[in-house]
Amino acid sequence: MFESIDSIESENDVLSTNSVYNISSSSTNDEIQSIFDNSKSGDTIQFNDKEYNDISIVVDKRLNIVSTSGSIIHTSESIGAKAKQMGISNSFGFYFSEMARGSFIKGLRLIGNSDYEIMIDGADEISVRDNFISGGRKGGILLRNSKYDVILGNNLTKAYDGIILKNVNRTGISLNRIYSNRNMGLSLEDVFLVNLTNNSIYRNGLDGVLLKNAKSNRILNNSIINNGVSGLRLEGYTTRNIIMYNNISGNIANIYANSLTNGDQITQNTLMFAKKGYGSYIADDNVGAAIVFADDYKAEKQGNMLFSHNSIGMNAVWDAKSTMSHPPVNIGANWYFDNDGNYAIGHICPMVFGRSITADDLKTLSMGFGGDENGLFGQLYDGDKAAGAGGFTIDNLNVNGKNYGSVEVGEDGRFSLDDLDFDELPEGSVITITVGEHSFNITINEKILSNKNKKNNSPKTNDNAPLKEEDIKNLPVKENASPLGTGNGTGSGSGASTGSGSGEGNFTGSGISVGILSGQSNAGTGDSGENGGGSASEGISAYEILKDENTPATAKNSQLIALFGVAFVILIIALGYRSKNKDEYQDDGDYSL
């Protein structure tokens, strides 16, 4: 039936004895449950045969449940004897009780029509990693009354709701694909300090993400596209949630705000290609909108929603829409594009007071290049903080006359240059960035040194161990802090008026920028900015980036080799150029993995 293998493990000079149980596919569910019941805390249960049938297991101690061969687990639609004794009223594949704290389940293919494929009920520090989960009459994964759990690297499909959280806090959901579920991709209700980061959430029947009665959560760097109604739906009470760097596109309403909001921040997201269609709970005159402020939307007087600096365009009807059931809504400045990808005034209904970003709103961003143990990277900065720009494409990177092709800048302003060797950047190298018809030159005044050969003193980690509180805080959120450095280079470009002279930070030349910065960086004869009324040309300014003491280790070890100023209007041009490729958000009809 099974084989027991004793193993001795040493951690911090403390010896512990654990057993590994290999489960045979010929075992009945009752026999497998008996193995779980008779195992000890810390033991490992391995499913390595090809296929297992009619499985429904209660986990009531800390166990490691793994498969190294992607074993298929067909879950049961019936409730087993032990589950009935415990008063569990839903069927499941695996049920983690509160006594299972610290368990993980990894590498399985759970397929079936039980109520839930995985239930985590009052169990803390559970890790669900690298599983394929298909089915679930009520949901793929249910987390209830728990904290410090991790849902990482899974595929969830063909359930009613992909992932359901109820009364959950301090939990991380990252790097999952959640798609083709009948109702919600994720339903998050009564949640606090949950990180939803770097997930792909698409083609779900109703909404991509429902956020209801939620406080201090972070929804960052997700792709939420082509869902049946809303990409992100806010209901109930929402307080100080941070929603940034997401691509929320191709939904009937990209964001549906229907909550009492208190200090929520929705900034630096891409909100495009909202489409017409039947919107279920959305009135016909509110479909095709980047954001809808719905009937129950209301802002606390002391905590209005911050909705600004989002990239909005190519939406079928509205860029911002409000119903007539509440006073007009004030939103911040955003950048908008028309259907040709050009910078334009947004399609905002009369019940929303908002405007497009103008030159008066723009400050200078800087772009840094540096090296760490992972290779060469670039990052946009605003002052001493890493900054995003809704994501755009650098069409070509040229180093000393050699083209390296296009580079994708993420929603957080970070981009990798993996194909570029450190040795190709000697002192005096010239990097040329091209976006659309616009190019910028950066001269490197200091050779970059690779840190790849530096000794890594980081402690070894157990990939299968559940994450603790400090791990969850560091789930991938891309909050890149700023390396220390200064730069020097030349800017080139064109505009209606041309100035010459020395810019700050040893940058010289002419370039495309906003006029208000001309007086700071152009000591020459230009007609723009404070020197006159011209439209957009000047020497580009730059400034030193200060080191943040909270900088991650990889960034602290990096050496910044160049900084140059880029006005926000350049990013607007870049985003407009990028947005012309509408095919990126179209449903290709392929629902397979």
Side-chain angles (χ1 to χ4, degrees), residues 136-143 151 155-166 168 173 176-191 194 196-197 199-214 217-238 241 243 246-261 264 266 269-284 286-297 305 307 310 315-318 321 323 585 587 591:
R137 287 192 297 254
K138 296 181 180 180
I141 299 176
L142 170 66
L143 285 80
I151 311 297
N155 283 266
L156 295 112
T157 187
K158 298 181 181 178
Y160 185 70
D161 292 331
I163 300 177
I164 301 169
L165 272 63
K166 293 183 177 180
V168 169
I173 302 174
N176 302 283
R177 292 178 63 198
I178 306 164
Y179 63 98
S180 299
N181 295 287
R182 293 188 297 279
N183 192 49
M184 306 282 187
L186 296 99
S187 176
L188 313 179
E189 185 174 354
D190 298 318
V191 292
V194 169
L196 181 66
T197 61
N199 300 282
S200 295
I201 305 162
Y202 58 98
R203 298 180 190 143
N204 297 288
L206 191 67
D207 301 330
V209 178
L210 170 65
L211 191 65
K212 183 177 182 180
N213 300 336
N217 304 285
R218 298 191 296 178
I219 300 178
L220 310 175
N221 297 299
N222 300 284
S223 175
I224 309 174
I225 64 175
N226 289 329
N227 296 284
V229 182
S230 296
L232 173 64
R233 178 178 167 190
L234 308 179
E235 296 280 358
Y237 301 91
T238 55
N241 299 288
I243 301 162
N246 301 286
N247 177 3
I248 309 176
S249 298
N251 309 284
I252 287 177
N254 286 329
I255 297 179
Y256 187 81
N258 196 40
S259 64
L260 175 61
T261 180
D264 294 319
I266 304 179
N269 301 282
T270 298
L271 307 174
M272 293 185 178
F273 303 110
K275 56 195 177 186
K276 295 181 179 179
Y278 172 64
S280 180
Y281 54 83
I282 301 180
D284 290 344
N286 293 327
V287 301
I291 184 168
V292 175
F293 296 96
D295 290 345
D296 291 335
Y297 173 81
M305 175 187 288
F307 181 83
N310 299 288
N315 298 292
V317 185
W318 299 103
K321 178 69 168 67
T323 65
Y585 305 106
D587 189 339
Y591 284 67

Taking only residues two or more places apart in sequence, or in another chain, which ones meet [X] in a side-chain hydrogen bond (donor to acceptor under 3.5 Å, both in side chains)?
X: D161; value: N183
X: K212; value: none
X: N181; value: N204
X: D264; value: T238, N241, T261

For this session: List in chain and number order the residues that pass side chain to side chain contact (heavy atoms under 4.5 Å, CB included) with A316, two or more places apart in sequence or in another chain; answer none if no residue qualifies.
Result: K276
For this session: Show your working on side-chain contact (heavy atoms from CB on, under 4.5 Å) between L232 and N246 and close with a plain yes or no.
Result: CA-CA 10 Å; L232 173 64; N246 301 286; over 6 Å; no
For this session: Please indicate whether Y281 has more than 12 foreign heavy atoms, meaning atoms of other residues, nucleotides or ligands, lying under 6.0 Å from its OH.
Result: yes
Do you know which two heavy atoms are closest between [X] and [Y], and how far apart they sit?
X: V229; Y: S280; result: CG2-CB, 4.2 Å
X: G136; Y: R182; result: O-NH2, 3.6 Å
X: L210; Y: E235; result: CD1-CG, 3.7 Å
X: V168; Y: V194; result: O-CG2, 4.0 Å
X: N251; Y: I225; result: OD1-C, 3.7 Å
X: M184; Y: R233; result: CE-NH1, 3.9 Å

Exercise. What's the verdict on side-chain contact (heavy atoms from CB on, under 4.5 Å) for I282 and S230, showing C-alpha distance, side-chain angles and the deciding distance?
Worked result: CA-CA 9 Å; I282 301 180; S230 296; 3.9 Å; yes
For this session: List in chain and number order the residues that pass ring-ring contact (aromatic ring centres under 6.0 Å, His included) with F307, two or more places apart in sequence or in another chain; answer none if no residue qualifies.
Result: none
